[in-house]
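Before any comments, here is the structure.
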There are 4 protein chains.
Amino acid sequence: MRKKELKTRDKIIKNALRIFAQKGFFRTTVDDIAEATGVAKGTVYLYFSNKEDLYTASIDEHFNIALGMLSEVDQSPGTPGEKMNKIATDYVNYITDLRTTYLPFSFESMNLSSKTLKKIHSAIEPKLHEMVNTISRIIKDGIGHGEFRRVDPQLAAFYFLSTIRAIFFNHFYVTNDSIKTESVLELFFDGLNKRR
Amino acid sequence: MRKKELKTRDKIIKNALRIFAQKGFFRTTVDDIAEATGVAKGTVYLYFSNKEDLYTASIDEHFNIALGMLSEVDQSPGTPGEKMNKIATDYVNYITDLRTTYLPFSFESMNLSSKTLKKIHSAIEPKLHEMVNTISRIIKDGIGHGEFRRVDPQLAAFYFLSTIRAIFFNHFYVTNDSIKTESVLELFFDGLNKRR
Amino acid sequence: MRKKELKTRDKIIKNALRIFAQKGFFRTTVDDIAEATGVAKGTVYLYFSNKEDLYTASIDEHFNIALGMLSEVDQSPGTPGEKMNKIATDYVNYITDLRTTYLPFSFESMNLSSKTLKKIHSAIEPKLHEMVNTISRIIKDGIGHGEFRRVDPQLAAFYFLSTIRAIFFNHFYVTNDSIKTESVLELFFDGLNKRR
Amino acid sequence: MRKKELKTRDKIIKNALRIFAQKGFFRTTVDDIAEATGVAKGTVYLYFSNKEDLYTASIDEHFNIALGMLSEVDQSPGTPGEKMNKIATDYVNYITDLRTTYLPFSFESMNLSSKTLKKIHSAIEPKLHEMVNTISRIIKDGIGHGEFRRVDPQLAAFYFLSTIRAIFFNHFYVTNDSIKTESVLELFFDGLNKRR
DNA sequence: TATGAATGAGCGTTCATTCAT
DNA sequence: AATGAATGAACGCTCATTCAT
């Protein structure tokens with residue numbers, strides 16, 4: 001029964017993550033998630049005290065998945081630059097699989113109550129820091145091996161994540177997918193300025 | 001009469017832009033906007049057929065303002081690099097003034113109905129293209145003068161706008177505002193890779 | 001329009017008072033009241049911020065009516081004893097008209113949230129005090145004229161109101177209405193003990 | 001087995017009585033009672049077919065306790081007046097122990113479905129009659145011994161019970177407990193009218 | 001033009017009740 | 001006998017939209 005309980009809760013989270021990703025917090029109803037999971041609406045409330053709690057749990061799940069992909073790439077062989085390219089590609093693929101509709105997946109802008117935002121914050125901040133730290137270490141490694149410039153590794157890691165996100169936001173603005181991941185990454189690594 | 005009408009419509013849009021920016025589409029009520037404008041709720045519907053229309057008009061207004069700032073900087077003297085720095089700084093300041101709350105201003109993720117999304121798209125795409133084109137021209141100019149590398153100017157322009165947005169999204173993830181505009185722009189211009 | 005507004009609000013309160021009296025707070029739905037008033041559910045929320053607010057307003061209305069009856073009797077001619085008999089009879093008639101079902105009308109026991117109880121308290125306490133004070137004055141008058149014993153007038157006034165209520169609670173326990181108002185009042189005035 | 005069953009059922013009733021008394025029928029959930037009893041929610045339904053049944057059983061329990069106190073006092077030595085004073089005091093103490101919250105304990109006004117009300121009625125009417133009869137006998141005894149006036153003993157008995165309840169309802173209206181049991185009983189026994 | 005009272009569909013949440021184990 | 005996960009009907013409340021004035 002312990003197993004079954006975890007399974008139902010887990011199934012709800014997985015469906016919630018997907019549907020929230022597709023339709024956003026407000027256009028997703030608890031019924032949507034319950035129906036997709038094959039349970040009654042009330043069942044959702046056995047595992048989550050309210051919709052925002054479920055949303056928080058979904059974001060948490062998202063970061064767990066992202067962290068999993070990250071550390072897997074980190075432990076695989078390759079130069080820092082190769083690793084970062086792999087991270088970006090994997091993440092882009094994951095998100096691309098997740099959103100089945102036109103809409104971009106973005107936790108960045110939910111306009112929830114500030115109370116919930118704070119809850120989400122405290123839930124994701126440690127995980128985001130872990131992501132930033134992992135990438136940061138890769139960058140430091142790259143600096144040590146003379147592959148990267150001497151920049152602030154934390155800042156570069158943050159900017160790297162933003163660059164990945166930029167690839168998705170592009171979809172919102174430009175309907176034809178002319179913007180390629182590699183081209184953006186090339187700009188990230190080599191910058192705009194001409195080398196002297 | 002004509003003047004008064006435009007004024008009321010204009011006042012509504014300006015308040016809508018500010019409030020939507022602060023609270024997002026769903027948490028903003030038509031009453032919020034009517035009240036802030038000092039008109040009755042029904043009056044809003046004299047000028048906009050529904051809430052999403054008003055939202056679309058607000059986004060349009062936002063891009064008009066952004067385009068205005070852009071062309072002003074474009075026509076001022078300075079190197080392409082200086083111009084781009086000015087654009088980023090001005091835009092950051094504008095957005096910072098706009099959002100009075102904790103929440104980032106992001107049109108990217110509204111999770112509206114796809115019908116409305118398409119309307120917004122067709123409304124903003126020409127303006128966004130104008131923005132991208134203006135920046136694109138500056139970049140081309142920089143390439144011609146040997147200041148920038150030979151990259152796809154459109155892609156670089158798009159990535160430049162994404163970089164500006166990245167500075168705001170940062171606020172959502174990192175509570176202390178340690179990420180400085182200049183540091184991010186430095187990374188944008190010089191890239192991560194070491195120069196050979 | 002001012003008039004119309006007051007009318008709708010007033011109509012809602014009057015229906016709410018009647019239905020709450022018949023079915024109690026929990027078994028009464030906002031829809032019940034809206035339907036009885038001939039307005040949509042949302043209309044109720046134009047005038048009252050929530051169900052408990054409406055309930056509080058209903059109780060207030062009840063006490064206003066009771067106070068009106070009380071002061072009318074008070075200003076009519078008669079001995080203190082006659083006045084008190086009239087008060088009891090009028091009140092009993094009023095309540096009897098109000099409850100159309102089997103259920104007693106009792107504000108005493110709603111088991112609401114303590115927050116609401118406090119709101120109701122502060123709303124009715126002054127009015128209840130006014131009721132007690134009016135009866136108290138009548139009793140004092142009766143004592144002064146040698147009609148009543150020298151008792152605490154406030155206590156006697158409170159007990160008098162309880163005696164009136166007792167007549168209704170009786171209906172809950174005893175299905176045949178054998179308990180007559182006059183018999184109970186006789187006991188109230190003359191007591192159980194034999195006079196020495 | 002048989003013993004254990006009775007024990008569980010009994011434990012549920014005792015907890016139900018206490019919690020219903022504190023929070024009322026509607027604000028009490030079956031979960032509240034199950035949790036307090038230390039059994040699963042489903043277990044409650046092994047012994048009671050629904051919540052209203054459990055409520056009826058609780059009221060029954062209440063009357064059994066009250067009847068027990070009553071007959072104990074009845075069989076103890078003392079004048080009729082002394083006995084009635086003892087009854088009132090004991091009952092007040094019992095109820096005071098029962099309600100741990102601000103709310104008065106009142107079965108009088110539950111606003112349940114009329115079907116359940118009828119069930120409750122038929123359950124408590126015989127017991128209430130037994131209470132009234134016991135007190136009635138005491139009063140008759142007092143009349144026979146010249147202690148009480150020649151009144152309808154049933155009516156006086158009913159009014160006596162109402163007087164006891166009045167003491168509790170007072171708590172709802174008057175926040176400071178200035179109303180003392182003895183003062184109210186004095187009024188009950190001696191009446192308001194001056195003795196000629 | 002402008003108003004704002006009225007509407008009612010829609011959604012989050014609760015909780016008594018059931019039933020497979 | 002006992003459990004507790006699951007159900008789903010019910011209800012409070014919101015708010016975009018309408019329309020008579």
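Chain naming here is simple, since letters A, B, ... match the order of the sequence lines and numbering starts at 1 in each. Excluded from the calculations below are hydrogen atoms, water molecules and symmetry mates; all remaining heavy atoms, backbone and side chain alike, are included.
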In whole Å, I'd like the distance from the [atom1] atom of [X] to the [atom2] atom of [N].
| X | N | atom1 | atom2 | answer |
| --- | --- | --- | --- | --- |
| A:E35 | F:dT7 | CD | C1' | 15 Å |
| C:D53 | F:dC13 | CG | C1' | 13 Å |
| C:R27 | F:dA10 | CZ | C1' | 13 Å |
| B:R9 | E:dA2 | CZ | P | 13 Å |
| A:D31 | E:dA9 | CG | C1' | 14 Å |
| D:Y45 | F:dA1 | OH | C1' | 17 Å |
| C:F26 | F:dA10 | CZ | P | 19 Å |
| C:F48 | F:dT14 | CZ | P | 15 Å |

### Message
Using the side-chain heavy atoms of D:K51, tell me which of these nucleotides is nearest: E:dT17, E:dG8, E:dG12.
### Response
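The answer is E:dT17.
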### Task
Can you check whether any acceptor in the base of E:dT13 is under 3.5 Å from a donor in the side chain of A:K41, or vice versa?
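Looking at the base of E:dT13, it does pair with a donor or acceptor on the side chain of A:K41 (distance under 3.5 Å).
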### Query
Would you say D:K51's side chain and D:T28's backbone share a donor-acceptor pair under 3.5 angstrom?
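Side chain of D:K51 to backbone of D:T28: a pair is present.
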### Query
Hey, does the side chain of B:D60 reach the backbone of B:T56 with a donor-acceptor pair shorter than 3.5 angstrom?
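Judged by distance alone, no pair lies under 3.5 Å.
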### Message
Show, in sequence, the C-alpha distance, side-chain angles and deciding distance for A:F20 and A:L54, and conclude whether the side chain to side chain contact (heavy atoms under 4.5 Å, CB included) test is met.
### Response
CA-CA 10 Å; A:F20 279 137; A:L54 176 52; 4.2 Å; yes
### Query
Is C:Y47 near enough to E:dA6 that one of its side-chain N or O atoms lies under 4.0 angstrom from OP1 or OP2?
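Yes, such a contact exists.
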### Query
Under 4.0 angstrom, heavy atoms only, what part of the nucleic acid is B:T28 near: base, sugar-phosphate, or nothing?
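Since only primed, P, OP1 and OP2 atoms lie under 4.0 Å of B:T28, the category is sugar-phosphate.
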### Query
Counting any heavy atom closer than 4.0 Å, what does B:T29 reach on the DNA or RNA strands: base, sugar-phosphate only, or nothing?
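If one applies the 4.0 Å heavy-atom cut-off, B:T29 turns out to touch the sugar-phosphate alone, with no base involved.
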### Query
Using a 3.5 Å cut-off on both pairing distances, which stems of three or more Watson-Crick or G-U pairs include DNA chain E?
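Detected stem regions: E:2-21 with F:2-21.
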#### Entry: Partner set under side chain to side chain donor-acceptor pair (under 3.5 Å) for D:K14, not counting sequence neighbours
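By the side chain to side chain donor-acceptor pair (under 3.5 Å) rule, D:K14 matches D:E61.
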### Task
Start with the C-alpha distance between C:D53 and C:S49, add both sets of side-chain angles, then the distance that settles side chain to side chain donor-acceptor pair (under 3.5 Å), and finish with yes or no.
CA-CA 6 Å; C:D53 258 23; C:S49 54; 2.7 Å; yes
### Query
Closest approach of D:S58 and D:I13, non-hydrogen atoms and distance?
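Smallest interatomic distance, heavy atoms only, reads OG-O, 4.1 Å.
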### Task
Would you kindly compare A:V39 and C:T43 by the position of their nearest DNA chain F nucleotide and give the one closer to the 5′ end?
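With A:V39 and C:T43 compared, the 5'-side residue is A:V39.
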### Message
Nearest heavy atom decides the nucleotide; on that basis, is B:L46 or D:G42 closer to the 5' end of DNA chain E?
### Response
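In this pair, the answer is B:L46.
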### Task
Show the numbers, then the answer: is there a side chain to side chain contact (heavy atoms under 4.5 Å, CB included) between D:T43 and D:T37?
CA-CA 10 Å; D:T43 305; D:T37 315; over 6 Å; no
